[in-house]
Protein chains: 2
Amino acid sequence: MSLKPILLGFLENPSSGYDLKKIFDETVRFFWSAELSQIYPTLHQLRSEGLVVSTRERSEKGPDREVYSRTPAGTEELQRWLAAGPVNHTERFAFLAQLFFLGQAEDLDLTRSFLQQLRARFADRLQVLRSIDDKEREEQPGYPESLTSRDFHAYLTLLCGLNRLEASVAWCDESLRLLEKRELLHHGGKKTTRDERGVLND
Amino acid sequence: MSLKPILLGFLENPSSGYDLKKIFDETVRFFWSAELSQIYPTLHQLRSEGLVVSTRERSEKGPDREVYSRTPAGTEELQRWLAAGPVNHTERFAFLAQLFFLGQAEDLDLTRSFLQQLRARFADRLQVLRSIDDKEREEQPGYPESLTSRDFHAYLTLLCGLNRLEASVAWCDESLRLLEKRELLHHGGKKTTRDERGVLND
DNA sequence: GCAGACTATATAACTTATGATATAGTATTC
DNA sequence: GAATACTATATCATAAGTTATATAGTCTGC
C-alpha cells in the first residue's frame, strides 16, 4: 500500500482527513488520488500503529476536526519507504488493451477514431500541465532555479508529466500516420461499407 | 473492470484459464497482468453471464482442461467496450509520490540515487522492448508494413511502450542535470556529512 | 426560517486484485 | 520409486479502492 506513506508524507503539517483530501486534489492529483472513504480508515490504522497521533479541535466553519500529526516513528516509516528505492508499480493501461483488441476488427476507422480520442485526451491534459508550469514561471522570478527543495521536487514530478504527455501525443500522431499509410497500402483508399464496419471476427 | 473484456478479447481462440495466464504473460504483460486466482472466478462470472461457454477436455499433459469460448453475446460485449472509446484509467505513479516527498529531505544525494535507480529500471525495460522489436524486424520481412491487423495493433502498443520509456529515460537525465545544477548553485559543491544525510524535517 | 453550499467524520456494500494454499495428474531425471 | 517440474483448477484470506449513504455543524443568500 502506498497510501499510508503518502499520508505520512503530507502529515509533515498537521491536517484532518478532510484537509488531506483537498491537499491530494491540489498537489498530486496527476499521479495519485484518494477518496475520503479510504483516507479516514487509513488514518485510523496509522494511529493504531503509532505512526500518527490525533487531537480533536473545534472548527469555526463546521463540526469538530480530528487533526493528525506525524510521530517520529511515522517519519522513520516514511524515510524507509523513500530509502527503499522506487516502488515497482506494475502500471496498467486499459487503453492499450483496447487498442490491442481493435486488431480483431476489420475496420481501421474504429482504430483511427480511437487514436484520435486518445490524442485529444492527452493533449488536454498536457495543456493543463503547461498552464500550471506557465503560471508558476510567471509568479516565481528565477523559476525553477530559485525553488525550495519541496517545490523543486514537485517541479520534477510536473516535468515528468509534461514529458510523458508530450511523448503520448507524439505516439498518437505517429500511430495515425502509420494507420494512414497502411490503409493506402492495403486498400488503395477503398471505402468501407456500413456492413463491413465494427465487426469483430468470431 | 477491464479484466472481463480483456479475457473476452483473448477468447477469440478457445482457451483454458491456464492458457489465458500464459497468453497474458506472453503478449500484454507490459500493460496488463492477471493472476490465476483472478482469472478463474472471472471466467466463471463470464460464463454465468452467457458471454462465454466452456467444455471439459482431457489433457495429455495433466488434469482435465476447462476450455472457454466466446459466445456472440461475448463478442458484442467486447465490441461495446472498444466502441465506447478509451477507458479513463486514472494512472497512479507511486514513484512520483516518492520523488515528491523526497523534497522533505535535506539530502539531495537521496534524490540523485533515487533518480539513478529509476533511470536504470526504465532503461532496462526499454532494452527489453527494443529487443522484441528487433527480433520481429528480423523475422518479418517488410516489418511493420506487412503485418496482419492483429500484429499491426500489437506493434502500436509496442511503439507506445518504446515511446514512453524513451521519454522516461530522457526525463531522468534531465532531472539529474537539473539536480546537479541546483547543487552547484545552492551548496557550491559542499559535501554533506553523515549527520546531515537522510533526515526528514519533522 | 429555510435552501443550498461547504465543512467534517464515518460506515456499509461492493469491486478489484494479490498471495497463499490445496489438490491432483503427467513427465522427466536421478 | 522419489524428487522435481510442469499442467491444471480452485478457494481463502486479505488488501486496496470506489460509490453510496448517513449524520451533523456552519455560513450565505433569499
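No experiment lies behind these values; they were computed from the predicted model shown. All chains are named by letter (A, B, ...) in the order of the sequence lines, taking the proteins before the strands, and each is independently numbered beginning at 1.
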- Message: Taking donor-acceptor contacts at under 3.5 Å, does the side chain of A:Ser37 reach the base of D:dT19?
- Response: yes
- Around B:Gln140, counting heavy atoms of other residues, nucleotides and ligands shown, do more than 12 lie under 6.0 Å from its CD? yes
Any base atoms under 4.0 Å from [X], or only sugar-phosphate, or nothing? Heavy atoms, all strands.
{"X": "A:Arg58", "result": "nothing"}
{"X": "B:Gln38", "result": "base"}
{"X": "A:Glu66", "result": "sugar-phosphate"}

Roughly how many Å is it from [atom1] in [X] to [atom2] in [N], rounded to a whole number?
{"X": "A:Leu46", "N": "D:dA15", "atom1": "CG", "atom2": "P", "answer": "14 Å"}
{"X": "A:Glu60", "N": "D:dA24", "atom1": "CD", "atom2": "C1'", "answer": "18 Å"}
{"X": "B:Lys21", "N": "D:dT9", "atom1": "NZ", "atom2": "P", "answer": "14 Å"}
{"X": "B:Arg56", "N": "C:dG25", "atom1": "CZ", "atom2": "P", "answer": "12 Å"}
{"X": "A:Ile6", "N": "D:dA16", "atom1": "CD1", "atom2": "C1'", "answer": "12 Å"}
{"X": "A:Leu43", "N": "D:dA16", "atom1": "CG", "atom2": "P", "answer": "15 Å"}
{"X": "B:Met1", "N": "D:dT18", "atom1": "CE", "atom2": "P", "answer": "16 Å"}
{"X": "A:Arg65", "N": "D:dT23", "atom1": "CZ", "atom2": "C1'", "answer": "18 Å"}

- Nucleotide of D:dA8, D:dT9, D:dT18 approaching A:Glu35 most closely (side-chain heavy atoms):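 In terms of side-chain proximity for A:Glu35, the closest of D:dA8, D:dT9, D:dT18 is D:dT18.
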- Selected nucleotide, minimal atom distance to B:Asp19 side chain, candidates C:dA8, D:dA16, D:dA8: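 Looking only at heavy atoms from C-beta outward on B:Asp19, the closest nucleotide is D:dA8.
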- In terms of the nearest nucleotide of DNA chain D, which residue is placed more toward the 5' end: A:Lys4 or A:Lys61?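 With A:Lys4 and A:Lys61 compared, the 5'-side residue is A:Lys4.
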- Where each residue is assigned the nucleotide of DNA chain D containing its nearest heavy atom, which of A:Leu36 and A:Ser2 is assigned the position nearer the 5′ end?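 The 5'-side residue here is A:Ser2.
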- Most 5' of B:Leu3 and A:Gly62 on DNA chain C, judged by nearest nucleotide: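 This one resolves to A:Gly62.
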- Message: Here's a test of your reading of the structure: between A:Asp64 and A:Pro41, which maps to the more 5' nucleotide of DNA chain C?
- Response: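 It is A:Asp64 whose nearest nucleotide is closer to the 5' end.
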Compare side-chain N and O positions of [X] against OP1 and OP2 of [N] and report whether any pair is under 4.0 Å apart.
{"X": "A:Arg92", "N": "C:dT18", "result": "yes"}
{"X": "B:Ser16", "N": "D:dA8", "result": "no"}
{"X": "B:Ser59", "N": "D:dA8", "result": "yes"}
{"X": "A:Tyr40", "N": "C:dT9", "result": "yes"}
{"X": "B:His44", "N": "D:dT9", "result": "no"}
{"X": "B:Tyr18", "N": "D:dT7", "result": "yes"}

- Query: Within 45° of the ring axis of B:Phe31 and under 6.0 Å from its six-membered ring centre, is that where the NZ or CZ of A:Arg92 lies?
  - Reply: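 No - A:Arg92 does not lie over the ring of B:Phe31 by the 6.0 Å and 45° rule.
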- Query: Side-chain contact, heavy-atom cut-off 4.5 Å: A:Val53 with A:Tyr68?
  - Reply: no
- So, for A:Phe24 and A:Phe10, is the gap between ring centers shorter than 6.0 Å?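 Centroid separation for A:Phe24 and A:Phe10: below 6.0 Å.
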- Item | Ring centers of B:Tyr155, B:Tyr143 separated by less than 6.0 Å | yes
- Hey, is B:Arg65 close enough to B:Glu60 for a salt bridge, meaning N to O under 4.0 Å? no
